[in-house]
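The chains referred to below are lettered A, B, ... by the order of the sequence lines, with proteins before strands, and numbering in each begins at 1. Scope of the values below: all heavy atoms of this structure, side chains included, with no hydrogens, waters or symmetry mates.
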Amino acid sequence: MRHWLMKSEPSVYSIADLRREVRAMWEGCRNYLVRNRLRDEVRPGDMAFFYHSNSQPSGIAGIMEVVSEAYPDPTQFDPESPYFDPKATRENPRWLAVDVEFVREFARVVPLAELKEHPVLGGMEVCRRGQRLSVLPVTTDEWDAVLALPGV
DNA sequence: GCCAACGTTGGC
DNA sequence: GCCAACGTTGGC
């Protein structure tokens, strides 16, 4: 089982939304590296931090579980969707989604600045300058260190 | 709102 | 296949 960190802008979809819906489709990824990672590395049973990006503060808000294999993201076929991709066809889908399930919301959001200061967590991918991928690997040490933070 | 990082597009 | 221009992400 692997660990991940997955980003969402809470104004679009937050951990509170996932808590309410319990299970959701993680849709709208339009980056090939992330697409390949979903296809090749992310598996049902993997656990992920739910990260709030473009937020105040940005940071880790809770935990979810990946509960499906990657499958074609239906929003790419929907002209009404902001994620519509005119070059994608049902015969040749470009983009993938996975289903995720709520596990728990942290008592507080762990801000990015706090991660950066931490001796172990400062090395997380998400702390790297210019890191823009929305699905990032997390090591077991990093996972455990986040869960050991006070108030989490 | 600014801007750094970096992925994507498209001319050649 | 190179590379400049452009677009997007996302912290601050």
**Prompt:** Is there a salt bridge (Lys or Arg N to Asp or Glu O under 4.0 Å) between D46(A) and R2(A) once you walk through the steps?
**Reply:** CA-CA 5 Å; D46(A) 287 357; R2(A) 296 191 60 173; 5.7 Å; no
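Taking the six-membered ring where tryptophan is involved, the planes of F50(A) and W26(A) are perpendicular, since the angle between them exceeds 60° and thus also 30°. The aromatic rings of F49(A) and F106(A) sit perpendicular to each other, their planes meeting at more than 60°, with 30° as the lower class boundary.
Of all nucleotides in DNA chain B having an atom under 4.0 Å from a heavy atom of chain A, the first and last in 5' to 3' order are dA4(B) to dT8(B).
In the region residues 107-120 of chain A, proximity to DNA chain C at under 4.0 angstrom, judged on heavy atoms, holds for L112(A), K116(A). Taking every heavy atom of residues 126-137 of chain A and every atom of DNA chain B, pairs under 4.0 Å involve R129(A), G130(A), R132(A), by number. Listed by residue number, there are no residues of residues 78-92 of chain A with a heavy-atom contact under 4.0 Å to DNA chain C. If you check residues 24-32 of chain A against DNA chain B, the residues with a heavy atom closer than 4.0 Å are N31(A), Y32(A), listed by number.
With hydrogens and angles disregarded, no donor-acceptor distance shorter than 3.5 Å links the side chain of S55(A) to the backbone of H52(A). Judged by distance alone, the side chain of D73(A) and the main-chain N or O of G28(A) form a donor-acceptor pair under 3.5 Å. A donor-acceptor pair under 3.5 Å is formed between the side chain of R35(A) and the backbone N or O of R94(A).
Each end of the helix from dG1(B)-dC12(C) to dC12(B)-dG1(C) gets its own axis, taken as the rotation carrying the C1' atoms of four end pairs onto the next four within a five-pair window, and the two axes meet at 10° to the nearest 10 degrees.
Inspection of the E21(A) and Y13(A) side chains reveals an N or O donor paired with an N or O acceptor under 3.5 Å. A donor-acceptor pair shorter than 3.5 Å can be found between the side chains of D99(A) and Y71(A).
When side chains are defined from C-beta on, F77(A) counts as touching R90(A), because their heavy atoms get closer than 4.5 Å. Residues V66(A) and R43(A) are not in side-chain contact: their nearest non-hydrogen atoms beyond the backbone lie 4.5 Å or more apart. Within the 4.5 Å cutoff, the side chain of H3(A) has heavy atoms near those of the T140(A) side chain.
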